Amino acid sequence: MKSKILLTAFLSVSLLACAQETPKVKHKKKNTPTKTTTQKVKFANAVDPICNMPTEADMKDTAVYKGKTYGFCSSLCRDEFKKNPEKYAQK
């Protein structure tokens with residue numbers, strides 16, 4: 001009986017101790033926009049030639065072929081394009 005009471009008391013104290021810990025990370029109070037140096041790019045393609053998803057001006061996965069920049073939805077599509085760019089650039 002005493003062991004059950006002691007165990008309950010120990011668990012209660014440990015739970016209370018854990019619940020009162022404060023986070024050590026201080027978060028920003030206000031989310032302010034940061035200045036970026038990225039520029040919006042005009043792509044030679046309106047859709048990803050591999051999966052046919054629409055391209056957006058801020059896509060990060062790009063490839064340059066014959067002086068034109070092509071945008072892709074992912075690095076997988078970009079890598080597939082690079083294997084045979086002539087096949088996909090004609091689409």
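Counting begins at 1 with the first residue of the sequence. Worth knowing before you read on, the calculation uses all heavy atoms, side chains too, and leaves out hydrogens, waters and symmetry mates. No experiment lies behind these values; they were computed from the predicted model shown.
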- Note on the structure: Scanning both residues in full, the closest heavy-atom pair of G71 with P49 reads O-CD, 4.3 Å
- Give, for atom NZ of K42 and atom NZ of K68, the distance between the pair rounded to the nearest 0.5 Å. 11.5 Å
- Quick one: CG on D61 to OG1 on T55, what's the gap to the nearest 0.5 Å? 12.5 Å
- Message: Let me confirm one number: the CD1-NZ distance from I50 to K83, rounded to the nearest 0.5 Å.
- Response: 9.5 Å
- Note on the structure: Output for pair (K60 NZ, R78 CZ), nearest 0.5 Å, gives 12.5 Å
- Nearest 0.5 Å, what's the SG-CE distance between C77 and M53? 8.5 Å
- Return the set of residues passing ring pair (Phe, Tyr, Trp, His ring centres under 6.0 Å) with F81 (not counting sequence neighbours), or none when no residue passes. Y70, F72
- Taking N45 for its side chain and A89 for its backbone only, find out whether a donor-acceptor pair lies under 3.5 Å. no
- Message: What's the separation between atom OG in S74 and atom CE in M59, rounded to the nearest 0.5 Å?
- Response: 9.0 Å
- Message: Hydrophobic cluster membership, with links at side-chain heavy-atom distances under 4.5 Å among I/L/V/M/F/W/Y: are Y88 and Y65 in one?
- Response: yes
